[in-house]
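Working notes for the structure below.
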Amino acid sequence: MVGLTADCRDIGGQPMHVLGDKYARAIADIAGATPLIVPAMADTQDVRQLVGLLDGVVLTGSPSNVHPARYGSQPGPRFEPYDEARDAVVFALVDRALESGLPTLGLCRGFQEINVARGGSLVPEIHAIEGCLDHRRPDGDDRDIQYGPKHAVRFAPGSRFEDIAGGPEIMVNSVHAQGLDQLGDGIVIEGWAPDGTPEALRVDGVAGFALAVQWHPEYKAMENDFSRRLFAAFGDAVRSR
């Protein structure tokens, strides 16, 4: 059983706990596990008990960003939108999951959440940095264009990611404005975009599978070789646990 973090969003004037279908299907179809939605309800969640019930956790992507107060910055338009209900659950969950060796996979926002949870910080607008690519989602309504290959990611030689990929480089999509700045405790970068932006990380010093990527491998995951390999490796870790 794998827990997947949900957003808290207002839909039709009602608060809803939302999980994209693509995340659940990647876990069910490729990792071979049962996906369970973890609602953004910190006031009722016993994270210790939750981690004890799960065999793995996926920190999903989201249109929202980690609230800057979580890493010592001041709120402002460049950091928005926020989902503080999700933050409250996720940061308690990440700490406990990594501490207990629960297999953990971070995707996009989840990549950033792991770094912040370990004491790191974020860059609010990568595209505003001289020499950096524009990592934001392409314009238009066509999902295949929005999530289509946009730039290469180069993996560190001998890294866990190079092993999963079966080679030193892959092409990935790019649907994010923020990125990693200062690295948190035990965060090891194992993949970079051509402009040097961190794209893949491993958490050192923890017992279990603890990997994250800045892109969205869950989009049409069955059609992408690296995505299949990544979710299969996560599934293997879950079953081993």
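In this structure, Met171 places its CE atom where more than 12 heavy-atom neighbours from other residues, nucleotides or ligands lie under 6.0 Å away. Remark: Asp46 CG is packed, more than 12 non-hydrogen atoms of other residues, nucleotides or ligands lying under 6.0 Å away. Within a 6.0 Å sphere centred on CE of Met1, heavy atoms belonging to other residues, nucleotides or ligands number 12 at most.
By the 4.5 Å heavy-atom criterion applied to side chains, Met222 and Ile30 are counted as neighbours. Val2 is not listed as a side-chain neighbour of Val57, based on a closest heavy-atom distance of 4.5 Å or more. Put simply, the side chain of Tyr82 reaches to within 4.5 Å of the side chain of Pro68, judged on heavy atoms. At a threshold of 4.5 Å between non-hydrogen side-chain atoms, the residues Cys108 and Trp215 do not count as touching. Taking the side chain as every heavy atom from C-beta outward, Gln45 and Pro39 approach each other to under 4.5 Å. A 4.5 Å side-chain heavy-atom check between Thr5 and Val89 finds every atom pair outside the cut-off. Residues Val38 and Leu4 are not in side-chain contact: their nearest non-hydrogen atoms beyond the backbone lie 4.5 Å or more apart. For the pair Leu211 and Ile164, the minimum side-chain heavy-atom distance is below 4.5 Å.
The existence of a salt bridge linking Lys22 and Glu218 is confirmed by a sub-4.0 Å separation between a basic side-chain nitrogen and an acidic carboxylate oxygen. Salt bridge absent: Glu113 and Arg70 never bring a charged side-chain N and a carboxylate O closer than 4.0 Å.
Side-chain N or O atoms of Ser159 include none that pairs as donor or acceptor with a backbone N or O of Phe155 at under 3.5 Å. A side-chain donor-acceptor contact under 3.5 Å links Asn173 to the backbone of His216. Asp83 places no side-chain N or O within 3.5 Å of a backbone atom of Asn65 that could act as its donor or acceptor partner. Counting only distance, with no hydrogens or angles, the side chain of Ser121 and the backbone of Gln182 share a donor-acceptor pair below 3.5 Å. Panel note: side chain Lys150, backbone Asp134; a donor-acceptor pair is recorded below 3.5 Å. No donor-acceptor pair under 3.5 Å is formed between the side chain of Gln112 and the backbone N or O of Val66. Side-chain atoms of Gln146 come within 3.5 Å of backbone atoms of Gly140 as a donor-acceptor pair (strictly under, hydrogens ignored). Not a single donor-acceptor pair under 3.5 Å links the side chain of Arg137 to the backbone N or O of Val175. Under the 3.5 Å distance criterion, the side-chain polar atoms of Asn115 are left unmatched by any main-chain donor or acceptor of Gly120.
Donor-acceptor pairing under 3.5 Å is recorded for the side chains of Asp144 and Tyr219. Side-chain N/O atoms of Arg109 and Thr60 include no donor and acceptor closer than 3.5 Å. Looking only at atom types and distance, the side chain of Ser62 has no donor-acceptor partner in the side chain of Arg9 under 3.5 Å away.
For the atom pair His67 NE2 and Glu84 CD, the distance stands at 4.0 Å (nearest 0.5 Å). One finds the CD atom of Glu190 at 9.0 Å from the CG atom of Asp204 (value rounded to the nearest 0.5 Å). Here the CG atom belonging to Leu230 is positioned 9.0 Å from the CZ atom belonging to Arg160, to the nearest 0.5 angstrom.
Taking the six-membered ring for Trp and thresholds of 30 and 60 degrees, Phe226 and Phe161 have nearly parallel ring planes, at less than 30 degrees apart.
For the residue pair Leu180 and Pro198, the shortest heavy atom distance occurs at CB-CG, 4.2 Å. The shortest heavy-atom contact between Ala28 and Pro35 is CB-CD, 4.1 Å. Residues Gly56 and Val238 share a closest heavy-atom pair of CA-CG2, 4.2 Å. For the residue pair Asp95 and Ala117, the shortest heavy atom distance occurs at OD1-O, 3.7 Å. Nearest heavy atoms, Pro15 versus Cys8: CB-SG, 4.5 Å. Considering every non-hydrogen atom in both Phe79 and Pro124, the closest pair reads CE2-CB, 3.7 Å.
Hydrophobic clustering (ILVMFWY, side-chain heavy atoms < 4.5 Å, transitive): Met16 and Tyr23 are in distinct clusters. Hydrophobic clustering (side-chain heavy atoms under 4.5 Å, transitive across Ile, Leu, Val, Met, Phe, Trp, Tyr) keeps Leu105 apart from Val51. Neither Val90 nor Val58 shares a network with the other; the hydrophobic side chains, linked directly or stepwise wherever heavy atoms of I, L, V, M, F, W or Y lie under 4.5 Å apart, form separate groups for each. Criterion: ILVMFWY side-chain heavy atoms under 4.5 Å apart, direct or through other members. Under it, Leu98 and Val188 are not part of a common hydrophobic cluster. Hydrophobic clustering (ILVMFWY, side-chain heavy atoms < 4.5 Å, transitive): Leu122 and Leu59 are in one cluster.
Note: His135 and His151 meet the aromatic proximity criterion, with ring centroids under 6.0 Å apart.
Residue pairs meeting the side chain to side chain donor-acceptor pair (under 3.5 Å) criterion with at least one member in residues 226-241, sequence neighbours excluded: Asn224-Ser227, Asp225-Arg228, Asp225-Arg229, Asp236-Arg239.
None of Ile129, Val123, Ile189, Ile126 except one satisfies the side chain to side chain contact (heavy atoms under 4.5 Å, CB included) rule with Thr197; the exception is Ile126.
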Assess whether side chain to side chain contact (heavy atoms under 4.5 Å, CB included) is satisfied between Phe111 and Leu201, documenting all intermediate values. CA-CA 8 Å; Phe111 175 83; Leu201 68 79; 3.5 Å; yes
Does the pair Glu199 and His176 meet the rule for a side chain to side chain contact (heavy atoms under 4.5 Å, CB included), with working shown? CA-CA 11 Å; Glu199 292 277 342; His176 64 103; 3.8 Å; yes
Assess whether side chain to side chain contact (heavy atoms under 4.5 Å, CB included) is satisfied between Arg143 and Lys220, documenting all intermediate values. CA-CA 10 Å; Arg143 289 287 187 268; Lys220 294 190 175 181; over 6 Å; no
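Evaluation of the ring pair (Phe, Tyr, Trp, His ring centres under 6.0 Å) rule for Phe234 yields Phe209 as partners, not counting sequence neighbours. In terms of the salt bridge (charged side-chain N to carboxylate O under 4.0 Å, His left out) criterion, residue partners of Arg25 (sequence neighbours excluded) are, by chain and number, Asp21.
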